[in-house]
Amino acid sequence: MSRYNAHVAEPKWQQKWQEAEVFKATRDESREKYYVLEMFPYPSGVLHIGHVRNYTMGDLTARYKRAKGFNVFHPMGWDAFGMPAENAAMKNNTHPGAWTYQNIAEMKNQFSALGLSHDWSHEFATCDPEYYGQQQALFLDFLEAGLAYRKNASVNWDPVDMTVLANEQVENGRGWRSGALVERKELTQWFFKISDYSEELLTALDGLDKWPEKVRLMQKNWIGKSQGLQFNFKTIGAPSGFEQLEVYTTRPDTLFGASFAAVSADHPLAKALESDAQVAAFNATCRQMGTSAEEMEKADKIGFDTGIKVVHPFDASRELPVYIANFILMDYGTGAIFGCPAHDQRDLDFARKYDLDVVPVVSPDGESYEITTEAFLDAGTLINSGFLNGMDIDSAKAEIIKRIEKAGSGEGKTNYRLRDWGISRQRYWGCPIPVVHCPDCGVVPEKKQNLPIKLPEDVTFDKPGNPLDRHPTWRDVDCPKCGAAAQRETDTMDTFVDSSWYYARFTSDKSDTPTNMEDAKYWMNVDQYVGGIEHAILHLLYSRFFARAMAKTGHLPESAIEPFNALFNQGMVCHETYSTTGPDGRPVWHSPDEVITKDGVTTLRSTGELVTVGPSIKMSKSKRNTVDPLEQIEQFGADTSRWFTLSDSPPERDVEWTTSGAEASWKHLQRVWRLADEISQCADDAPKGASAAQALLKATHHAINDVTYGFENFAFNKSIAKLYEFTSALAKSKAGNAEKREAMKIMALLMQPVTPHLSEEIWELLGGTGMAVNAPFPLADPELLVENTVTLPIQINGKRRSEITVAKDLSKPEVEKLALSDHAVIKALQGNPPKKLIVVPGRIINVVI
RNA sequence: GCGGGCGUGAUGGAAUGGUAGACAUAACAGACUUAAAAUCUGUGGGCCGUAUGGCCGUGUGGGUUCGAGUCCCACCGCCCGCACCA
């Protein structure tokens, strides 16, 4: 009996697949395509166990769909720009490019060891000039279409990394990489006009029915649509140019409850008043305030009374004080509000502090009442509100908007939280923004024939900041328009730009335009996208915007504006933690291979010291609870890792990596191999018994049916469970060897998307035609899934008491008769008729007494 | 604060409103073995009972239903996202 040796079999089959180019996809209009894509990795140089899970799931889908007859497109590439390369360059005195391409080479080897069915012929890295040159072409088209523009904006500035950070890269007021306190800074930056698509990006979410509900909701909240009224107050005592103050509100119905107005410290009015030292000092205080969650929780509402008043639009006798307040955001609405303390908690807190009026204008019962410490936010009837009295909130909103619009001092307005996407980064290792700054012509787009604008090779990272900025021979150029001495834009693009269209580039990666319409029409959209939930908003929202912008500029068909038909977010891989107590009383973490568990006691291998076993949490370097996928492959082979990451836990949930679980997977695969080996060594004898053969056939088709269901529905753990069952059934079967051989061949094909190498070995051993990877996926025969008899549980008053086995299509009256003659039922009825008798055909019987 | 999700054996988890705990892990017992490993077989929610069997059981309390892990209401706990968004 031979033992299955993964270390020999796996490289062998990987090579055979490669030689036969089985995963190479070519456009073929006569076949239905299926585009499977996993979020492409950052080439850190190290394959993580999380990659294994992500790419195994995508690979399973790709292999399964291939076996189902689809023309599967499964490309792979590298998200290769970004700061780690610059940091490595600084640390090791290398070039970011050299470091990156070295990592790519290493990671590609590690990926191939997993036996993934990628079509590498489309491979690119986003740092290839052929890729980012096309990205520059897209930028120029976006610029021409008005989708890219430059403006002065207040941005998050990381003083250590010396670059702008996106809002999401700021955590608790600190730069996510450097940990430095982030500063607000006014800079002229490039933006993409994603806000043009706010409404469309929101409404189109409804159509993404194969996306997780959670992701759609997160995007919806992120876009943050609100409907309200934007209008002008007349001011009294304001500086020249500020005769009016424009505010935004979603509660125009509460206008009669207004007791103050407030503006942001960054509002033009607040700035105009800064000649007053007190105002300047107050504004400075506001700007310094932390933006972290706890700080905001604790922060008091503070305000500065400017002495300016605004006049109530419907009661000229009422004048409201205008404050500068720390809780008003400049970049939402108009940066100015009116405060209605009775119906807004913040306004109430503020009013209590500065002793302002609190007048309820919405009442639950139509009667007036006192507001104490909590604002009233529910629905109700308008009171204390002149012409609005007696109306409900919606009518009152409509009425106010109507009157304000009639008076010409404002209009109903929809606002979105989503802001334009700032893409300028003061970094070297990114895609250069292809424009030139000319003293005479201003901002001049680079000519397309000059693309790509390549990054210079001769750069140093011995100083902080952007090396492009201090690279005169690269920076100083002639103006493309007038030829005068000018300077290149030295900012590069946010790396999220790179990943916003790579899926489209894969469809025609050699094209000298960003895409090729014919290819894009055939291959787009991505039918199944697989990746982590951490990209729920940014990457996926940016990609949705990009696809629309590319359609508008003629680079994608209209049908591809939602680039990902289906999205799946896989869970993380977790592991127990192991710690001992160090001399300073703090925990010392140990890696899984440093400890040993025997008889339920976990100790250190080296010293025998007792180890505290912590809960299973996300693998991280700091807790040292990582397992190295390469070591796992070394020990058990890739198929075992693939099998284990898919078993036990549902794909969307976190999976716990245990040594025993990995070993058990390995043992099971060995068992399958042994079974196949035994079958291969027996002559095909005459059928032993028709009933055993029939039972095996039925078990086989149930397995086909159930495994298929799991593969189709991202319930891979259930498919694995069914494969375990099928293995047991086959091992115990008394059917003849010919029947067992057929069952085992079907087993190999069912397992092929999960354990492709082992499947090939078994397929070959049992004389399958060609390679298993090219064999069609088995199809269940519906005839073999139905049973002739069915066992019906009998409940008495909803509790299971007995069961009867009857013919599948026995009539309901017959079943009732049989049920009533069951010994448990007779005993329970004691001669009385049942109150009710429920028979659910093929399911259950319930006797109510 | 707002929004969303989840609570099932020692553990990961199964269960179109219809026999709760499939499958797997850990554990225990047995077979094989001089022994171990490997392999195979079996037991496996709790309590009572020799047993047929009975009672209880899916975070807690209620409800709908012939029947609830599943649907509805309230509460408790945990997790995630957003957060001074007017």
Side-chain angles (χ1 to χ4, degrees), chain A residues 3 168 212-222 224-226 228-229 247-252 254 262 264 289 291-293 295-297 299 301 325-329 331-340 343-347 349-350 377 415-419 533-534 536-537 574 576 597 599-600 616 644 647-650 653-665 667-668 670-671 674 706 715 717-725 727-728 731 791-803 824 834-840 842-849:
Chain A
R3 198 173 159 99
E168 62 278 1
E213 187 59 36
K214 182 187 169 103
V215 173
R216 292 196 284 168
L217 227 118
M218 281 165 72
Q219 293 214 353
K220 186 181 168 204
N221 292 338
W222 187 264
K225 181 178 182 173
S226 67
L229 169 68
V247 298
Y248 177 72
T249 178
T250 55
R251 290 296 301 273
T254 64
S264 160
M289 294 238 315
T291 49
S292 78
E295 281 173 295
M296 265 167 346
E297 200 80 23
K301 308 268 177 287
N326 64 340
F327 63 96
I328 313 296
L329 303 173
D331 44 12
Y332 186 81
T334 61
I337 61 143
F338 74 76
C340 176
H343 305 292
D344 183 292
Q345 193 59 45
R346 286 161 312 178
D347 295 348
D349 296 345
F350 190 80
L377 307 174
N415 259 333
Y416 300 89
R417 217 181 67 107
L418 182 67
R419 289 164 222 153
I533 185 75
E534 66 272 20
I537 296 171
C574 302
E576 291 180 324
T597 302
D599 300 328
S616 190
F644 180 67
S647 60
D648 290 351
S649 287
R653 234 182 277 180
D654 293 348
V655 65
E656 185 184 357
W657 187 283
T658 60
T659 310
S660 56
E663 278 169 4
S665 298
K667 283 180 190 172
H668 176 75
Q670 287 293 343
R671 185 185 184 210
R674 271 200 316 277
D706 296 348
N717 55 322
K718 292 182 215 168
S719 295
I720 300 268
K722 294 299 174 186
L723 286 168
Y724 274 115
E725 273 179 28
T727 308
S728 285
T791 301
L792 296 174
I794 300 179
Q795 294 183 333
I796 294 169
N797 287 342
K799 286 184 195 297
R800 186 186 173 282
R801 284 294 178 268
S802 183
E803 63 180 34
K835 255 191 211 158
K836 209 169 178 181
L837 183 59
I838 289 144
V839 174
V840 185
R843 272 287 176 200
I844 205 163
I845 300 159
N846 193 5
V847 186
V848 186
I849 295 171

How far, in whole Å, is rG4(B) from rC71(B) if one measures between their P atoms?
16 Å

Contacts table for residues 654-664 of chain A: side-chain donor-acceptor under 3.5 angstrom, sequence neighbours left out:
unit_1: Asp654(A); atom_1: OD1; unit_2: Met572(A); atom_2: N; d: 2.8
unit_1: Thr658(A); atom_1: OG1; unit_2: Gly661(A); atom_2: N; d: 3.0

So which nucleotide from rA86(B), rA22(B), rC82(B) ends up closest to the side chain of Tyr332(A)?
rA86(B)

So do Ile794(A) and Asn846(A) actually touch side chain to side chain, heavy atoms under 4.5 Å?
no

Please work out which residues in residues 333-340 of chain A have a non-hydrogen atom less than 4.0 Å from an atom of RNA chain B and list them by number.
Ile337(A)

Non-neighbouring partners of Ala536(A) that pass side-chain contact (heavy atoms from CB on, under 4.5 Å), sequence neighbours left out
Val215(A), Met218(A), Ile533(A)

Would you indicate what Ser660(A) reaches in the nucleic acid, counting non-hydrogen atoms under 4.0 angstrom: base, sugar-phosphate, or nothing?
sugar-phosphate

d(CD1, Ile328(A); P, rA86(B)) in whole Å
11 Å

To the nearest 0.5 angstrom, please state how far the CZ atom of Arg346(A) sits from the CD1 atom of Ile337(A).
7.0 Å

What residues, two or more places apart in sequence or in another chain, satisfy side chain to side chain donor-acceptor pair (under 3.5 Å) together with Gln670(A)?
none

So which one's nearest nucleotide on RNA chain B is more toward 5', Thr250(A) or Ser728(A)?
Ser728(A)

Residues at least two apart in sequence or cross-chain that pass side-chain contact (heavy atoms from CB on, under 4.5 Å) with Asn221(A), listed by chain then number, are Leu217(A)

Between the protein and nucleotides 78-81 of chain B, which nitrogen or oxygen pairs are less than 3.5 angstrom apart?
unit_1: rC80(B); atom_1: O2'; unit_2: Lys214(A); atom_2: NZ; d: 3.2

Rounding to an integer number of angstrom, what distance separates rG61(B) and rU52(B) when you compare their C1' atoms?
37 Å

Atom pairs, protein N/O to nucleotides 37-41 of chain B N/O, distance under 3.5 Å:
unit_1: rU39(B); atom_1: O3'; unit_2: Arg674(A); atom_2: NH2; d: 3.4
unit_1: rC40(B); atom_1: OP1; unit_2: Arg671(A); atom_2: NE; d: 3.2

Kindly write out the residues that satisfy ring-ring contact (aromatic ring centres under 6.0 Å, His included) with Tyr332(A), not counting sequence neighbours, or none if the list is empty.
none

Would you say rA24(B) has OP1 or OP2 under 4.0 Å from some side-chain N or O of Tyr724(A)?
no

Can you sort out the partners of Thr249(A) under side-chain contact (heavy atoms from CB on, under 4.5 Å), two or more places apart, ordered by chain and number?
Leu229(A), Phe231(A), Arg251(A), Pro252(A), Phe338(A)

Anti or syn, where syn is a glycosidic angle within 90° of 0; which label fits rG7(B)?
anti

Which residues pass the side-chain contact (heavy atoms from CB on, under 4.5 Å) test with Asp706(A), not counting sequence neighbours?
Lys722(A)

Asn415(A) side chain vs Lys225(A) backbone, donor-acceptor pair below 3.5 Å:
no

Rounding to an integer number of angstrom, what distance separates rA15(B) and rU70(B) when you compare their C1' atoms?
9 Å

In whole Å, I'd like the distance from the CG atom of Leu217(A) to the P atom of rG3(B).
11 Å

Take atom CG of Asp331(A) and atom P of rA83(B), then tell me their distance rounded to the nearest Å.
12 Å

Measuring from atom CG of Asp344(A) to atom CG of Asp349(A), what distance do you get when rounded to the nearest 0.5 angstrom?
9.0 Å

When the distance from NZ of Lys799(A) to P of rA68(B) is rounded to whole Å, what number comes out?
9 Å

Distance between the P atoms of rA24(B) and rU43(B), in whole angstroms?
13 Å

Do nucleotides 12-18 of chain B as a string where each nucleotide becomes B, S or -: B if the base has a protein heavy atom under 4.0 Å, S if just the sugar-phosphate does, - if no protein is that close.
BSSSB-B

The criterion is salt bridge (Lys or Arg N to Asp or Glu O under 4.0 Å); which residues satisfy it with Asp331(A), sequence neighbours excluded?
Arg419(A)

Can you check whether Arg801(A) has a side-chain N or O nearer than 4.0 Å to OP1 or OP2 of rG54(B)?
yes

Arg417(A) vs rA83(B): side-chain N/O to OP1/OP2 distance below 4.0 Å:
yes

